[in-house]
Amino acid sequence: MEKKSIYRVVFHNQGNVYELYARKVVQSSMYAFLEVEDIVFGERSAVLVDPVDERLKEEFSGVRRTYIPLQAIVRIDEVEKAGTNRILNENTSHASKVAAFPYPSPTRPKE
């Protein structure tokens, strides 16, 4: 039986660092975007509910694939098994070690 690959995708999104597990990650046909499909969520347990995992399930409910800008990507790893999807605040000590690739900020029109 063929073993399906699982990828851990770490990226910046709205001031947070997201860590998602997905079964398919490819270069998008849209220029400068990465296509992430089939996001893997943990098994739901009646005893223990992870609020971050639930928040991500809600945020990505109904999403078949998501497109992430290449400059937001921090890292992509092929892993043995899926872990827990996480959202890390950039101000926490663990996430502060991750820096976004610099890109030009939008300029305001001159008055």
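Numbering starts at 1 and runs along the sequence shown. Since the model is a prediction, treat every value here as computed from it, not as a measurement. Computation of the quantities below employed the complete heavy-atom set of this structure, encompassing side-chain atoms and omitting hydrogens, waters and symmetry-equivalent molecules.
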Name all residues meeting the side-chain contact (heavy atoms from CB on, under 4.5 Å) criterion together with Leu56; count only those two or more places apart in sequence or in a different chain, and write none if there are none. Tyr18, Leu20, Phe41, Val52, Glu59, Phe60, Asn85, Ile87
To the nearest 0.5 Å, what is the distance between OH on Tyr21 and CZ on Arg86? 6.5 Å
Does any pair with a residue in residues 6-18 pass salt bridge (charged side-chain N to carboxylate O under 4.0 Å, His left out), and if so which ones, sequence neighbours excluded? Arg8-Asp77
Tyr7 OH to Ile39 CD1 distance, which is reported to the nearest 0.5 Å: 15.0 Å
First locate atom NE2 of His12, then atom CG of Leu88, and finally report the distance between them rounded to the nearest 0.5 Å. 10.5 Å
Joint cluster assignment, Ile73 & Phe33, ILVMFWY side-chain distance < 4.5 Å: no
Decide whether Leu70 and Val9 are clustered together by the hydrophobic rule: side chain heavy atoms of Ile, Leu, Val, Met, Phe, Trp, Tyr closer than 4.5 Å, transitively. yes
Let me confirm one number: the CZ-CZ distance from Arg75 to Phe11, rounded to the nearest 0.5 Å. 15.5 Å
Please enumerate all residues that pass side chain to side chain donor-acceptor pair (under 3.5 Å) together with Ser28, with sequence neighbours excluded. none
Distance col, row Thr66:OG1 vs Asn13:CG, nearest 0.5 angstrom, shows 8.5 Å
What one should report as the nearest heavy-atom pair of Arg55 and Asn16 is NH2-ND2, 4.4 Å
Rounded distance (nearest 0.5 Å) linking atom CD of Glu37 with atom CZ of Arg23: 12.0 Å
Measure across Ala82 and Val40 and return the closest heavy-atom pair with its distance rounded to 0.1 Å. CB-CG1, 3.7 Å
